[in-house]
Amino acid sequence: MARFKAPRGTQDVLPIATPRWQYIEGKFREICALYGFREIRTPTFEETELFTRTTGETTDIVTKEMYTFTDRGGRSITLRPEGTAPAVRAYLEHNIGADLPVAKLYYVGRIFRYERPQAGRYREHNQFGVEMIGSGEPSADVEVISLAHQFLSSLGLSGIELRLNSLGGPEDRPVYREALRKYAEPFVSELCPECQVRYEKNPLRMLDCKVERCRELLRDAPGPAEFLCDECRAHFETVQRSLEGLGISFVLDPRLVRGLDYYTRTVFVFQTPLLGAQNEVCGGGRYDSMVEELGGPPTPALGFGLGVERLLLTLERLNIELPAEPKPKVFVAAIGSEARAAAVKLLADLRRYGIASESDFTGRSLKSQMKLADKLGAEYVMIIGEDEVKQSVVTVRDMAAKEQRQVGMDKVAEALELDRVAGIADNSHA
RNA sequence: GCGGGUGUAGCUCAGCAGGUUAGAGCGUCAGGUUGUGGCCCUGAAGGCCGAGAGUUCAAGUCUCUUCACUCGCCCCA
């Protein structure tokens, strides 16, 4: 039994699985490039205040899910619980906005939240994310949403549902806030203590309370979309019409409010029916006030975060085939110590030619080496024994054809490259 | 944060009402005679029965605690 275990809510991604991760990450990068998004890499941790100010003091994330600690210099540091604020911080710190009219950024990174783990929910998870900073046009919403859509469909996902809502702009928010207060006024005293605070400070957050009673009371509360100003309504409608025009189907969800304070106007999630309660694979929206709140000029922006673990789980549940581990082309087997030396040299030569090659490093019998070669899925086994060393040749065996022949020691790589299977098969004397 | 389930070899699981040295399949390793794989056969290694405490003459098996995983609800990616 292992003495140490990975901390609760974390997991090891083992070699059998890493090719799948590499594949979807590659796909994401490919599509981001297609859309003109450029990669940004930000630190794993930031000043705590970056998150408390943007995500919101009363959100679940800030109140109970952050990994916060004081470093040796006395600074309050937090492992990033989301990717947007760090990207915006970097955007401002390096004045990226001065470079191009719209900054289109993407990232791949780890996210940390202290939550109760479940399938599809971890304390450390990975997100692909995109941020488009500097455009308030509906076309920007469409750009970001269609990128996510294209990425998900490129993996062969089906059954994913896009849900949309609009929270309204900074002008509408106070109106909606008041409406919510008015709605809740008759039963404030029945709300949980936490919600009574929310009622005062941030009524919107009452909507994601976990207490059963609060949820009942607020079930029929008005949604933000009922209070949009004309401009916001027009914006939202343009987004919808454009998506329709692109054949991207969606459903409107008036209850969709998102658990982070910084969202404004358009918000969206992509949901899968396959992950139970962890059905949200990708979520995002506009955050038109964040740049300004962090000390920059008024700059509209939007983006999304996409859960890599959830994506992989969904793909697995759909039985979508993803790449497996690569196999060596050649396995070099050696018999005896003299041959071993020649094998080391041969391995080096093969690899210099770019031929993926493996060998045995435990000094076992030829039979065992053959078994190993088979298990690793090598196409060819090159055998070197006393005879081969004497004659300066190697015996090359085509594993699938079960045929073998001898090739000059200094010409193996070329032989493999040039005449391949056919050449070996033709000259075989197996 | 709330409610349920599970925890025995690397993996998937047995283990009958608590009773001697804890099992299977797969995997691993070694053999089945001279330097050759996939099938088959033989053998071997590998388990503080998640951890801690308790009940008992005796606990993998009962009780409690704890840790972890898992399912549902909520929130989130």
(Q) Tell me the interatomic distance from A:F268, atom CZ, to B:rA77, atom C1', rounded to whole angstroms. (A) 12 Å
Q.
Output the rounded distance in Å from CG (A:L218) to P (B:rC74).
A. 15 Å
Q.
For the P atoms, the ones on B:rU8 and on B:rC69, what distance do you get once it is rounded to whole angstrom?
A. 14 Å
Q. Listed by chain and number, what are the ring pair (Phe, Tyr, Trp, His ring centres under 6.0 Å) partners of A:Y176, not counting sequence neighbours?
A. A:F227
Q: Quickly work out the A:R116 CZ to B:rC2 P distance and round it to whole Å.
A: 7 Å
Q.
Between B:rA24 and B:rA9, how many Å separate the two C1' atoms, rounded to a whole number?
A. 11 Å
Q. Of the nucleotides B:rC69, B:rC75, B:rC74, which one has an atom closest to the side chain of A:D60?
A. B:rC75
Q. B:rG19 and B:rC29: how far apart are their C1' atoms, nearest whole angstrom?
A. 35 Å
Q) What integer distance in Å separates A:N279:CG from B:rG72:C1'? A) 13 Å
Q | Pairing residues for A:Y114 by the ring pair (Phe, Tyr, Trp, His ring centres under 6.0 Å) criterion, not counting sequence neighbours | A | A:Y67
**Q.** Spacing of A:R215 atom CZ relative to B:rG1 atom P, expressed in whole Å
**A.** 16 Å
Q. Quick one: do A:E403 and A:R397 make a salt bridge, cutoff under 4.0 Å?
A. no
Q: Starting at the 5' end of nucleotides 29-39 of chain B, put B wherever the base has a protein heavy atom under 4.0 Å, S where only the sugar-phosphate does, and a dash everywhere else.
A: SS-B--BBBB-
Q | Residues which pass ring pair (Phe, Tyr, Trp, His ring centres under 6.0 Å) with A:Y263, listed by chain and number, not counting sequence neighbours | A | none
**Q.** Sugar-phosphate only, base, or nothing, as touched by A:Q369 at under 4.0 Å among non-hydrogen atoms
**A.** nothing
Q: Check whether any side-chain N or O of A:R258 sits under 4.0 Å from OP1 or OP2 of B:rA77, and answer yes or no.
A: yes
Q.
Among A:R258, A:R198, A:R205, which residue satisfies the salt bridge (Lys or Arg N to Asp or Glu O under 4.0 Å) criterion with A:D60?
A. A:R198
(Q) Between B:rA44 and B:rG5, how many Å separate the two C1' atoms, rounded to a whole number? (A) 38 Å
Q: Identify, with sequence neighbours excluded, every residue that meets ring pair (Phe, Tyr, Trp, His ring centres under 6.0 Å) alongside A:Y262.
A: A:Y287
Q. How is A:R121 classified with respect to the nucleic acid when contacts are heavy atoms under 4.0 Å: base, sugar-phosphate, or nothing?
A. base
Q. Which residues satisfy the side-chain hydrogen bond (donor to acceptor under 3.5 Å, both in side chains) test with A:D387, sequence neighbours excluded?
A. none
Q) If we take the C1' atom in both B:rA45 and B:rG27, what is their distance in whole Å? A) 13 Å
